[in-house]
Amino acid sequence: AYIEASRQTAIPKVSVSRPRIYLDHAATTPVLPQARAAMVEALERWANPSSPHGEGRAAKAALERARGEIAEALGWKHDILFTSGASEAVAIVAARAVPHRRLVGATEHDVVPHYMGEGATVLPVDAAGVIDTDALAKALADASALVAIQQVNNETGVIQPMEALADRIRAAGGLLLADCAQSAGKIDLPDADFIAISAHKFGGPPGIGALLVRDLSTLAPSGGQEKGYRRGTQNLPAVAGMAAALVSGAHRESMPRLAAQKDRMEAGVRAAGGVIISEGSERLPAISAIALEGASKDGLLVQLDLAGFAVSAGSACSSGKMKASRVLAAMGVPASIANGALRMSFGPQTSDEDFTAFVAAFTAIAERRRAA
């Protein structure tokens, strides 16, 4: 479909000398210089942190120092278990959390309903993408449950009212699993029982993440490393990179600037005839979902890619496949809009010039489509 769209779509004329502009930070964001430096230093401590000899103890000390830095940077006062990323963190909780019942938001990242299982109760959202609290209350009335809710949606950037949701869940004797892959290192984390994070979303290396656990007694142990809750040799260099990325504060500090830049970009998109999805909702400054009504997202992606822009049509965790958005469908977004929807996402490296260039390219595409 991608190749066919490229054959049928007129491509905006751009200067071949202009560097590409990366606007897909929600998929993965560049590794920060601080993270690279920390990883290089940690590679000198090549011993296994679980080994009893001096070299192993030195590696263990470095690992625990990084764990403390992560806890302080995130404002987390409880346990932190290192994983390969947010997906594994979600899988651990879904399989081993104490409540037997499972509830999951309708707009969660694909990996969450997969691990929560086919028997999980799906919680609907309103047109703004926010969890239906009446439906949540009804589902919690039956018995205690593990409830999985994203703090920030990976496609729309919508921020859930986590405090209010957490209060309802705890009052019913349940536990809250918060997927914070898109929010960690950018905004304050919610008061959840379990939190899943991935380093490559905030400037750390790929392949490392963490599960934050309020009370280890709510999670069945597996034996092995990480206090007996995750088997496998810890990846000290990656952990050090993750800690350095969080300590740098680069992504959090960029949020006010990105909020202003995103507002200007979205105004330009609207002026060109585009649609801003979840425009009235509280959204993360680093993510914007836009659409060109009646257009094909496949065609839009081709045009923008060949014009030098890296964007996406939603989650990047589907082996590069472009398919209908389950998130937009759950929100009741009309197919005429959802079919032409793109996700823009930004990081500390995104400049004013990048936003301006994108608006110009989007406007050219919209004008060419109207003239066709």
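For A97 against R102, the heavy-atom pair with the smallest separation is O-NH2, 3.4 Å. Counting all heavy atoms, side chain and backbone alike, A66 lies closest to A243 at O-CB, 3.8 Å. Contact detail for P113 and R326: the closest heavy-atom pair is CG-NH2, 4.1 Å. For the residue pair A341 and A291, the shortest heavy atom distance occurs at CA-CB, 3.8 Å. When all heavy atoms of A330 and T107 are compared, the pair lying nearest together is CB-CG2, 3.9 Å. When all heavy atoms of R231 and S222 are compared, the pair lying nearest together is NH2-O, 2.9 Å.
Put simply, CG on D354 and CD1 on I21 are 4.5 Å apart, with the number rounded to the nearest 0.5 Å. How far CD of E279 is from CD1 of I290: 12.0 Å, rounded to the nearest 0.5 Å. A distance of 8.5 Å separates OG of S254 from NZ of K186, quoted to the nearest 0.5 Å. Rounded to the nearest 0.5 Å, atoms CZ (F202) and SG (C180) are 11.0 Å apart. Taking CE of M242 as the reference point, atom CG of L246 lies at 7.0 Å (rounded to 0.5 Å). Annotation: the span from R257 atom CZ to D352 atom CG amounts to 7.0 Å, rounded to 0.5 Å.
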Might you work through the side chain to side chain contact (heavy atoms under 4.5 Å, CB included) test for I187 and V152, ending with a clear yes or no?
CA-CA 10 Å; I187 60 176; V152 172; 4.0 Å; yes

Take L211 and I195 through the test side chain to side chain contact (heavy atoms under 4.5 Å, CB included) and record every step on the way to the result.
CA-CA 6 Å; L211 172 61; I195 293 176; over 6 Å; no

Give the intermediate values and the outcome of side chain to side chain contact (heavy atoms under 4.5 Å, CB included) for residues I149 and E108.
CA-CA 7 Å; I149 299 175; E108 299 301 300; 4.3 Å; yes

Carefully, step by step, assess Q234 and E226 under the rule side chain to side chain donor-acceptor pair (under 3.5 Å).
CA-CA 8 Å; Q234 293 102 328; E226 292 302 288; 2.9 Å; yes

Criterion salt bridge (charged side-chain N to carboxylate O under 4.0 Å, His left out) on D188 and R252, from CA distance to verdict
CA-CA 9 Å; D188 291 343; R252 177 182 283 271; 3.1 Å; yes

Do I80 and I70 pass the side chain to side chain contact (heavy atoms under 4.5 Å, CB included) test, and can you show the C-alpha distance, the side-chain angles, and the key distance before you say yes or no?
CA-CA 9 Å; I80 296 177; I70 292 168; 4.0 Å; yes

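In this structure, the side chains of L212 and L74 come closer than 4.5 Å at one or more pairs of heavy atoms. Residues L146 and L103 fail the side-chain proximity criterion, which asks for heavy atoms closer than 4.5 Å. Proximity of P348 to H251: side-chain heavy atoms (C-beta onward) are separated by under 4.5 Å at one or more points. The side-chain heavy atoms of T121 and V104, taken from C-beta on, include no pair separated by under 4.5 Å. Side chains of Q349 and P30 form a contact here, defined as non-hydrogen atoms less than 4.5 Å apart. Between D126 and D132, the closest side-chain pair of non-hydrogen atoms is not below 4.5 Å. Residues D110 and H114 fail the side-chain proximity criterion, which asks for heavy atoms closer than 4.5 Å. Looking at I287 and T156, their side chains never come closer than 4.5 Å, going by heavy atoms from C-beta outward.
Checking side-chain atoms of T29 against main-chain N and O of G347 turns up no donor-acceptor pair under 3.5 Å. Panel note: side chain R96, backbone A220; a donor-acceptor pair is recorded below 3.5 Å. Side chain of K201 to main chain of A26: a donor-acceptor pair is present (N/O by atom type, distance under 3.5 Å, no hydrogens or angles). A donor-acceptor pair under 3.5 Å links the side-chain atoms of Y229 to the main chain of L216, judged by distance alone. Listed for the R45 side chain is no donor-acceptor partner under 3.5 Å among the backbone atoms of E55. Here the side chain of S345 pairs a donor or acceptor atom with the backbone of H25 at under 3.5 angstrom. In terms of modelled atom types and a separation under 3.5 Å, the side chain of Q182 and the main chain of A286 share no donor-acceptor contact. The backbone N or O of A250 sits less than 3.5 Å from a side-chain atom of S248, completing a donor-acceptor pair. Between the side chain of K262 and the backbone N or O of L284, at least one donor-acceptor pair lies under 3.5 Å. Judged by distance alone, the side chain of Q150 and the main-chain N or O of A178 form no donor-acceptor pair under 3.5 Å.
Following chains of ILVMFWY side-chain contacts shorter than 4.5 Å, one can reach F355 starting from I276, so the two form part of one hydrophobic cluster. Cluster annotation: Y22 and F346 are assigned to distinct hydrophobic clusters (Ile/Leu/Val/Met/Phe/Trp/Tyr, side-chain heavy-atom contacts under 4.5 Å, transitive). M255 and M265 fall within a single hydrophobic cluster, where Ile, Leu, Val, Met, Phe, Trp and Tyr are joined by side-chain heavy atoms under 4.5 Å apart, directly or via other members. Cluster membership check: L81 shares its hydrophobic cluster with L175, using side-chain heavy-atom separations under 4.5 Å among Ile, Leu, Val, Met, Phe, Trp and Tyr. Cluster annotation: L328 is connected to V125 through the hydrophobic network of ILVMFWY side chains, with a link wherever side-chain heavy atoms come within less than 4.5 Å.
Residues E155 and S325 bring a donor and an acceptor atom of their side chains to less than 3.5 Å of each other. S312 and R343 are linked by a side-chain donor-acceptor pair at a separation below 3.5 angstrom, with hydrogens and angles left out of the test. Between the side chains of E266 and S288, at least one donor N or O lies within less than 3.5 Å of an accepting N or O.
Enclosure of atom NE2 in H100 is not indicated, since only 12 or fewer non-hydrogen atoms of other residues, nucleotides or ligands lie within 6.0 angstrom. Within 6.0 Å of CD in E64 there are more than 12 heavy atoms belonging to other residues, nucleotides or ligands.
Of the candidates V130, T133, L123, V147, L165 forms a side chain to side chain contact (heavy atoms under 4.5 Å, CB included) with just one, namely T133.
The side chain to side chain donor-acceptor pair (under 3.5 Å) analysis of residues 202-221, with sequence neighbours excluded, yields the pairs H78-R214, D191-R214, D215-S217.
Taking F194 as the reference, nothing meets the ring-ring contact (aromatic ring centres under 6.0 Å, His included) condition, with sequence neighbours excluded.
Under a 4.0 Å N-O distance rule, the pair R20/D305 qualifies as a salt bridge.
Separation of the F362 and F309 ring centroids does not fall under the 6.0 Å cut-off.
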